[in-house]
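Note sheet for the following structure.
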Amino acid sequence: MPEAFAPDLPQCDILDDIEDILPEDDTKRIRPHKVTLRAKRNKKPKKEITGELNNEYEEVELPLNVPGTGKIFVKTWGCAHNSSDSEYMAGQLAAYGYVITENKEEANLWLLNSCTVKTPAEDHFRNEIEACRRVGRPIVVAGCIPQGAPRAGFLKGVSMIGVQQIDRVIEVVEETLKGNTVRLLGSKKVEGKKVGGASLELPKIRRNPLIEIIAISTGCLNQCTYCKTKHARGELGSYPPDEIVARAKQAFTEGVKEIWLTSEDTGAYGRDIGSSLPELLTSLCEVIPQGCMLRLGMTNPPYILEHLEAMAVILNHPRVYSFLHVPVQAASDSVLNDMKREYYIADFKKIVDFLKERIPRLYVATDIICGFPTETDEDFEETMKLCSEYKFPSLFINQFYPRPGTPAAKLPRLPTQVGKSRTKRLSDLFHTYEPFRDQIGEMQTVLVTEISTDGKFYVGHNKQYAQVLVPMEREFMGQMVKVKIVSAGKFWMVGEPISVEYAPKDVLSVLSSTVKTVLSPKFILPVLSCLVLLRVGYIVFKYKK
């Protein structure tokens, strides 16, 4: 493994790391050594010493129900919003004195944060609960599954913490360690109106110390017939713009280089509080330091349609990625109507065409559901035609899974083979083109924030948020690096470094380090010795002459 490898930074999948809904097998574990906004930890309890003054003693272990003692294993499935929730919960527990561990075998309690979007993710979550029960560990479950289906049989007897109650994770964990079962699933309201959720000022352990995930709202305004997330996250509840901006500013002071804005639908942000997404983004652009970037999370078509002019300006901002994740799900108006997506395919095309005309190389990611119960062969051909026309650089293809309790689950299903066949056809089409090959030979600037899965490269993103692999030189991490694109694959490009573009504060840091090195005894003494020898040599030479 190269010496420059930074083991304290999380690795990212070089094939696919931009989707808010991550692959069902891409679960995240919170690492114990990245704590921010952390309160003073409780000192470890002193060992009780017994016996006479002859140095004989025995260690007496304190019981686990002593507050702030014990190790917690945290595992997360699903979207960036879930990841942010887990970071906040882990941060609070660590600040209180608990140790966050990646080793589930040594943990005293498992905290499992679930996703209800896809059936496989729910299956993995259920299996993890069963594994925890087999080893006899206490369990606390969080996320959309317990919030949306708290009476599910496999959740019997486990503690639950709701998606808007993550600020109370310490008391839930403590009571669970005492042998009690706690369920906090209520919504947070101010004057009877739903709000965004727990405070954005809570302690946090970032999965990646260079990336801050900020949930700008919770819930949505849609009623999609296939989606179960609405059952858990509910109606839209937005955080005030000033709280989001304050969180971003704080994150930047802590060394964060990249902000991810997330929610169930970023485009709907602010409609419940008299604000809007462009208003928020405009305020955030004013506080993004040089050398840092902002990435906008998923937005559904209906609400972004109202802000196209403003969004074109914002996505062209030099410190905002020219990246848009806008799920289309199907290219047939009849299927979209059955899904209750509240837009026509012409609306989706208008969004993409309008923004592509105004934003150079806009990176558009989208989602497709194959095999929806009412999708005919003709409907699916429309989807194939759309994807062939736009050649999306990122295409998230999902075979339809009926989610219990949703209207779509009551519809007669298409034969399983039909869904599989359509999924394969679309996947085959997606792999017929390489979206980055025309960029070979170009000079680009990338922000390096991650490590490739194989541990052989650092991963940066260019203005369009396309992945660019660079050599693992430690000085590149967290910096803007100018590169020449020398090759490209389906999901990435390879950059040959030209120079590092340090931000002003990073330049000061480099200068400070250089000055410290120059003024250090290890540097000064050899230099002085050389000067003395030169002076002596000069005197001797002059005397002889």
Side-chain angles (χ1 to χ4, degrees), residues 8 10 27-45 61-78 81-115 124-147 155 157-185 197-199 202-209 213:
D8 59 331
T27 54
K28 285 84 67 181
R29 295 182 179 86
I30 295 296
R31 302 187 177 205
H33 49 279
K34 309 178 186 67
V35 184
T36 61
L37 293 177
R38 181 170 175 172
K40 291 183 179 179
R41 284 187 57 173
N42 294 344
K43 292 182 179 179
K44 293 183 178 179
E61 291 188 5
L62 292 170
L64 279 176
N65 58 9
V66 173
T69 62
K71 297 181 178 181
I72 311 296
F73 170 71
V74 182
K75 188 171 182 177
T76 311
W77 291 262
H81 198 160
N82 258 23
S83 293
S84 178
D85 286 351
S86 288
E87 291 178 355
Y88 275 125
M89 288 190 286
Q92 292 172 82
L93 292 167
Y96 195 68
Y98 289 102
V99 175
I100 307 301
T101 178
E102 293 183 347
N103 186 346
K104 64 175 71 175
E105 284 73 24
E106 72 176 15
N108 304 115
L109 179 143
W110 293 13
L111 173 57
L112 308 177
N113 193 4
S114 63
C115 173
H124 294 162
F125 173 64
R126 183 188 293 108
N127 292 338
E128 199 74 358
I129 291 175
E130 292 174 357
C132 188
R133 283 176 169 145
R134 283 195 296 270
V135 296
R137 297 290 192 276
I139 312 169
V140 174
V141 296
C144 292
I145 292 177
Q147 184 74 58
L155 296 178
V158 303
S159 291
M160 302 179 185
I161 184 164
V163 295
Q164 287 203 304
Q165 300 293 330
I166 61 172
D167 54 339
R168 301 180 66 182
V169 66
I170 293 172
E171 54 189 293
V172 174
V173 165
E174 288 192 340
E175 290 300 319
T176 303
L177 285 171
K178 293 176 184 177
N180 300 319
T181 300
V182 184
R183 297 193 172 190
L184 297 178
L185 300 171
S199 171
L202 292 171
K204 195 172 195 180
I205 296 179
R206 296 188 182 95
R207 184 170 175 247
N208 184 330
I213 305 173

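Throughout, residue positions are numbered sequentially from 1 according to the sequence presented. Predicted, not measured: the structure shown is a model, and the values here were computed from it.
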**Asked** Has the side chain of Thr101 got a donor or acceptor atom that lies under 3.5 Å from a matching backbone atom of Ala107?
**Response** no
**Request:** Kindly indicate, with the supporting measurements, whether the criterion side chain to side chain contact (heavy atoms under 4.5 Å, CB included) is fulfilled by Asn113 and Val74.
**Result:** CA-CA 8 Å; Asn113 193 4; Val74 182; 5.8 Å; no
**Lys75 to Trp110, cation-pi by 6.0 Å centre distance and 45° axis angle** = no
**Request:** Applying side chain to side chain contact (heavy atoms under 4.5 Å, CB included) between Ile161 and each of Val140, Asp85, Leu185, report the one that passes.
**Result:** Val140
**Message:** Test your reading of the model: is there a side-chain donor-acceptor pair from Ser86 to the backbone of Thr76, 3.5 Å cut-off?
**Reply:** no
**Message:** Less than 4.5 Å apart, side chain to side chain, heavy atoms only: is that true for Phe73 and Asn103?
**Reply:** no
**Prompt:** Any idea which heavy atoms bring Leu184 and Gln165 closest together, and the distance?
**Reply:** O-CG, 3.6 Å
**Prompt:** Are side-chain heavy atoms of Trp77 and Ile145 found at a separation under 4.5 Å?
**Reply:** no
**Prompt:** Would you call Glu175 and Lys178 a salt bridge, taking side-chain N to carboxylate O under 4.0 Å as the test?
**Reply:** yes
**Complete:** Residues Pro138 and Leu177: closest non-hydrogen pair is CG-CD2, 4.3 Å
**Asked** Should the pair Arg206-Glu87 be classified as a salt bridge under the 4.0 Å nitrogen-to-oxygen rule?
**Response** no
**Complete:** Gln92 and Ile170 have their tightest heavy-atom pair at O-CD1, 3.6 Å
**Shortest non-hydrogen contact between Ile139 and Cys132, atoms and distance** = CG1-SG, 3.2 Å
**Request:** Evaluate the side chain to side chain contact (heavy atoms under 4.5 Å, CB included) criterion for residues Val169 and Leu93: first the C-alpha distance (whole Å), next the side-chain angles of each, then the deciding distance (0.1 Å), finally the verdict.
**Result:** CA-CA 8 Å; Val169 66; Leu93 292 167; 4.3 Å; yes
**Request:** Carefully, step by step, assess Val173 and Tyr96 under the rule side chain to side chain contact (heavy atoms under 4.5 Å, CB included).
**Result:** CA-CA 11 Å; Val173 165; Tyr96 195 68; over 6 Å; no
**Prompt:** Could you give the distance from CD (Glu106) to CD (Glu102), rounded to the nearest 0.5 Å?
**Reply:** 10.0 Å
**Prompt:** Which value, rounded to the nearest 0.5 Å, describes the distance between Leu112 atom CG and Lys104 atom NZ?
**Reply:** 8.5 Å
**Asked** Does a side-chain heavy-atom distance below 4.5 Å link Ile129 with Leu155?
**Response** yes
**Request:** State the SG-NE2 distance between Cys115 and His81, to the nearest 0.5 angstrom.
**Result:** 12.0 Å
**Message:** Do Met160 and Val182 make a side-chain contact, defined as non-hydrogen atoms from C-beta onward lying under 4.5 Å apart?
**Reply:** no
**Asked** Has the side chain of Arg126 got a donor or acceptor atom that lies under 3.5 Å from a matching backbone atom of His124?
**Response** no
**Message:** So does Ala198 get a backbone contact from the side chain of Asp167, meaning a donor-acceptor N/O pair under 3.5 Å?
**Reply:** no
**Request:** Taking the side chain as every heavy atom from C-beta outward, state whether Thr181 and Val158 have any pair of such atoms under 4.5 Å apart.
**Result:** no
**Check: Glu105 main-chain N/O paired with Arg137 side-chain donor or acceptor under 3.5 Å** = yes
**Asked** Mind checking whether Ser84 and Lys204 have side chains closer than 4.5 Å, heavy atoms only?
**Response** yes
**Message:** Is the shortest side-chain heavy-atom distance between Ser114 and Pro146 below 4.5 Å?
**Reply:** yes
**Request:** For Arg168 and Glu171, run salt bridge (Lys or Arg N to Asp or Glu O under 4.0 Å): C-alpha distance rounded to whole Å, both residues' side-chain angles, the deciding distance at 0.1 Å, then the answer.
**Result:** CA-CA 6 Å; Arg168 301 180 66 182; Glu171 54 189 293; 3.0 Å; yes
**Complete:** All heavy atoms of Met89 vs all of Ala142, minimum pair found to be CE-CB, 4.0 Å
**Message:** Do Leu109 and Thr176 have side chains that approach each other closer than 4.5 Å (heavy atoms only, starting at C-beta)?
**Reply:** yes
